[in-house]
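These numbers come from a predicted model, not from an experiment.
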Amino acid sequence: MKGESILSIIKHKVEFCVVGGGLAGMCAAITAARHGVKTLLMQDRPVLGGNASSEIRMWVCGAHGNLETGLIEEIRLENLYRNNYPNFSIWDSILYEKVKFQKNLTVLLNCSCNDAEMDGTHIKSIKGWQLTTQDWHEVEADIFADCSGDSVLAPLTGAEFRMGREARAEFKESIAPVQADRRTMGMSCLIQARETNQPQKFIPPAWANKYPDEESLAHRSHRFFPNNNFWWLELGGENDSIKDTEELRDELLKIAFGLWDHIKNYGDHGAENWVLEWVGFLPGKRESRRYVGDHIMTQNDVSAAGKFKDIIAYGGWSMDDHHPAGFDYRGVPTIFHPAPSPFGIPYRCLYSVNIDNLMFAGRNISATHSAMSSTRVMATCALLGQAVGTGAMLAVKKGILPRGVSQKWVPELQQALMDDDCWLPGLRRSVSKISAESIVVASQGDAEVLRNGDERELGDDDNSWIAGEGDWAEYQLSRETELQEIRLVFDSNLVYRGMNNRNLNMVCNFPLDMPKYQTPETIVRGFHIEAEDADGKVSTIYCAENNYQRLVRITKPFTAKRVRLVIDAVRGKSGTNKIFAFDVK
Ligand SMILES: Cc1cc2nc3c(=O)[nH]c(=O)nc-3n(C[C@H](O)[C@H](O)[C@H](O)COP(=O)(O)OP(=O)(O)OC[C@H]3O[C@@H](n4cnc5c(N)ncnc54)[C@H](O)[C@@H]3O)c2cc1C
C-alpha cells in the first residue's frame, strides 16, 4: 500500500445543498427533500441538531406562548412519544433518523465545508473534508443554503455579512449601542448533573478556577435545582467568536469545573447527593457572522410585530441581549428587552443580497444584532430552515433563483408552508378545491370549522371540531372523484405546552424523580378513513391505531364520492379530543 494516495475527491451533483445540520439546516434539507428536491446536507459533527444536540445540550425555545408547528413540532412529538425518560442519545437518534432515512436526502456527517468554487456571483460547488474517511467531498448544486451558524460560506464566496453590533443611529434601534463595535454575544460550555440517593463528593481538577464565595458568582443563579440551566457560563463576546474559539473553550472549562467545585464544596447549594454527569467540550455559539439579505430585520421590525407581506416564519422570544463580556461582566448577564409574540419574519432575510444562489437559515439570517438577539432561538431557527427548504424547492422547480421566488411566488411559498403545518400569523391556509366545493357534515357539532384554514386556537376562536369515540365527519362530493391525499391536523396542546415551555425540552439535569415524557393527551390516538364509491360500496382506506402526531397526511390515491373520518380512540380523561383540520385533495 506504500505510496498510494489516501486522499480522494468524491463528487456529488444535487439540486439543493445545505451546509450545517443544526435544527435550521436539518429542517431546510428535510423539507426540500420531502418536496422531491435532490438534496445534500453537509454537517461537520457526528450528531445533528447543533446547539440542541447531545454535544451542546441547549433547550429548544421559541415564541413565548405561540408554540411552533411544522417540522419542529413533528420532531418534538416524536421525542415526547419515544424518549420517555428524556435521554440525549435517544434525542440524537431521532434527529439522525429524520435525515438519514429521508428519501432524496444524502447526509455527509463529520464533513466540514471549507471551500467554494465561484462563477462570478454564483456558487458552482462547495467542498468539505470528511474527518472519518479522509475524503474530500465536492458538491455541485443549483441552490446552496448556509446553516452553519458561523456562516462559513461568507468568506468563501464573498457574500456580504456583518459581525458585531450596529450603531444606534444606523437603524434607529434604541437598544443598540451609540457606537458600532465588533462585540457579539459569547459562547458557552454547559454542565449537567445527576441526582443519586447518597451524598457525593467532588474533587476539582487543579486547573479549575476558584470561586470561594458567593460574591464571585454574583447575579449568576447557581443554587442547585433540576431545571437550573447554566447558560451564563459565557465568554467570547469581546473576542473574535470564530478565531478565538479554542482558547475560549479552555477558559470556559476552567469556569465550568470551578462552578461545580463551588456548588459542591463552598456552602450548601442543594447538591449534596448530586454528581457531575456531563460537561460540554464543544462551545455552543450564540453569535458571529450574520449575512446581509435583501432586507435586514431590525429591532423596529420586531417591535412592530413584523407585518411583512412576505412573512414566512415568526419569532416571539424577547430580545435577549447578553452582555458581550459574559461571565467577566459582574452585573446582570442579559437584558430581556420585550418583543411581541408573534412577530413576522420576511422571506427577503433568507437569501444573499449579492450571491445569487445563496440562502441561509438559523442565527445567521439577515438581521441586526438587536433583532437577532430574538430570532436566534432554535424553534424560530427551525421555522426559518423550513422556509428556506420550501423557498429552495420553488426555485428549483421553477428554474429560478431565490430572489425570483420573492418577486413572484411568495403566495405559493406561504401556502406550501401552511400546508406543511407552519403557522403564518395573519394568513390562512387555502383548503383544497374539492373540500371547499363539497358538503361537510358530522355526527355531531359543526364540521365547517374543519375547512376554515385556521388550524390552531387563535384568541377566542377555537377553530376545532370536538369529537369523542365513534364520532365522524364526512365530505359528500358532487360526484365520484379521484383523490390523492387526505390531510388531518390534530390537537397537540399548543396553548398549554407553549406556556413556560411545558414538557418540551430535553432536560438540564437528571433528578431521581425525572418527569416522564409522553404524547399530549389531546391528540386523537385512533381513527380510520372510510370511502364510498359511486356504487355505494364502502371501504376502509386507512386506519391508525396509535397516532401521536399533529399533522397526518395520507397519500394513498383512491376514488370516492363520500369520504368519512371516524374517531376510534381518544387520549385523556375528558372523552373528547379536538381536530383542527380535515381536507381531501
Ligand atoms: C449556551 C447557549 C445557550 C442558548 N440558549 C438557548 C435556549 O435556551 N434556547 C434556544 O432556543 N436557543 C438558545 N441559544 C441560541 C441557539 O442555540 C442558537 O442561536 C441556534 O442554535 C442557532 O441555530 P443554527 O442552526 O443557526 O446553528 P447551530 O445550532 O450552531 O447549528 C449549526 C450547525 O452547523 C455545523 N457547522 C458549522 N460549521 C460547519 C461547516 N464548516 N461545515 C459543516 N457544518 C458546519 C455545526 O456543527 C452545527 O451543528 C443558546 C445558545 C448558546 C450558545
Side-chain angles (χ1 to χ4, degrees), residues 23 51-52 56-68 149 164-166 168 171-178 181 183-188 190 217-223 225 227-238 241 284-288 290 297-306 313-345 362-365 367-384 425 495 497-502 504-505 508:
L23 286 180
N51 283 355
I56 297 176
R57 307 196 177 191
M58 263 333 300
W59 279 346
V60 180
C61 298
H64 297 299
N66 283 303
L67 203 65
E68 294 75 8
R165 305 186 295 184
E166 285 77 11
R168 190 170 298 169
F171 294 100
K172 298 192 171 52
E173 293 178 307
S174 62
I175 65 172
V178 174
D181 59 33
R183 292 185 177 128
T184 61
M185 288 179 274
M187 61 189 80
S188 301
L190 298 180
L217 291 168
H219 299 295
R220 303 305 188 268
S221 155
H222 62 282
R223 166 106 197 132
F225 58 92
N227 265 342
N228 203 355
N229 171 328
F230 299 100
W231 56 266
W232 45 262
L233 292 167
E234 175 175 1
L235 285 179
E238 296 188 321
S241 56
K285 297 232 188 127
R286 284 188 182 79
E287 182 179 2
S288 52
R290 290 169 280 114
M297 180 106 185
T298 68
Q299 175 199 343
N300 297 315
D301 291 332
V302 170
S303 299
Y314 67 92
W317 186 255
S318 323
M319 286 180 274
D320 173 8
D321 192 8
H322 293 212
H323 194 285
F327 188 77
D328 290 340
Y329 175 62
R330 300 285 77 216
V332 178
T334 192
I335 301 176
F336 289 101
H337 303 280
S341 178
F343 61 82
I345 303 174
R363 66 177 163 89
N364 63 357
I365 64 164
T368 61
H369 164 89
S370 301
M372 177 275 182
S373 70
S374 169
T375 59
R376 69 195 172 91
V377 286
M378 285 185 275
T380 307
C381 290
L383 295 182
L384 295 168
V495 175
R497 287 165 59 223
M499 287 185 294
N500 306 321
N501 279 320
R502 283 192 180 102
L504 281 181
N505 279 309
C508 300

For residues Val302 and Ala371, report the shortest heavy-atom separation together with the two atoms involved.
-> CG2-CB, 4.0 Å
Under 3.5 Å: donor-acceptor pair, side chain of Gln299, backbone of Ser174 | yes
Kindly say whether Gly149 contributes a backbone atom to a donor-acceptor pair with the side chain of Arg363 at under 3.5 angstrom?
-> yes
Smallest heavy-atom separation, Glu287 atom then Ser241 atom, equals O-OG, 2.8 Å
Is there a side-chain contact between Ile365 and Ile345 (heavy atoms, below 4.5 Å)?
-> yes
Could you go step by step and tell me if His369 and Asp321 meet the side chain to side chain donor-acceptor pair (under 3.5 Å) rule?
-> CA-CA 9 Å; His369 164 89; Asp321 192 8; 2.7 Å; yes
Considering non-hydrogen atoms only, spot the tightest contact between Pro342 and Pro425 and give its length.
-> CG-CG, 3.6 Å
Verify, without hydrogens or angle tests, whether Ser188 (side chain) and Leu190 (backbone) share a donor-acceptor contact under 3.5 angstrom.
-> no
Shortest non-hydrogen contact from Phe230 to Ser221?
-> CE2-O, 3.7 Å
Residue pair Met58, Asn229: steps toward the side chain to side chain contact (heavy atoms under 4.5 Å, CB included) verdict | CA-CA 9 Å; Met58 263 333 300; Asn229 171 328; 3.3 Å; yes
By side-chain hydrogen bond (donor to acceptor under 3.5 Å, both in side chains), Ser370 pairs with (sequence neighbours left out) none
Given the rule in the side chain to side chain contact (heavy atoms under 4.5 Å, CB included) test, do Leu23 and Cys381 qualify, once you have shown the distances and angles that lead to the verdict?
-> CA-CA 7 Å; Leu23 286 180; Cys381 290; 5.5 Å; no
Tightest non-hydrogen contact, residues Ala325 and Leu235, listed as O-CD2, 4.3 Å
Flag, side chain of Arg286 to backbone of Arg376, donor-acceptor distance under 3.5 Å = no
Cation-pi geometry met for Arg330 and Phe327 (6.0 Å, 45°) = yes
Exam field: side chain Ser374 to backbone Trp317, donor-acceptor pair closer than 3.5 Å = yes
Between Leu67 and Tyr314, the two heavy atoms sitting closest are O-OH, 3.0 Å
Sub-3.5 Å donor-acceptor pair from the side chain of Asn228 to the main-chain atoms of Arg223, do we have one?
-> yes
Within the side chain of Asn51, is there an N or O that forms a donor-acceptor pair under 3.5 Å with the backbone of Lys285?
-> yes
N/O donor-acceptor pair under 3.5 Å between Asn300 side chain and Phe171 backbone = yes
Is His219 close to Trp232 at the side-chain level, that is, under 4.5 Å between some pair of heavy atoms?
-> no
Between Arg183 and Glu238, is there a donor-acceptor pair closer than 3.5 Å when you use the side chain of the first and the backbone of the second?
-> no
Just by modelled atom types, is the Gly186 backbone N or O under 3.5 Å from a matching donor or acceptor in the His322 side chain?
-> no
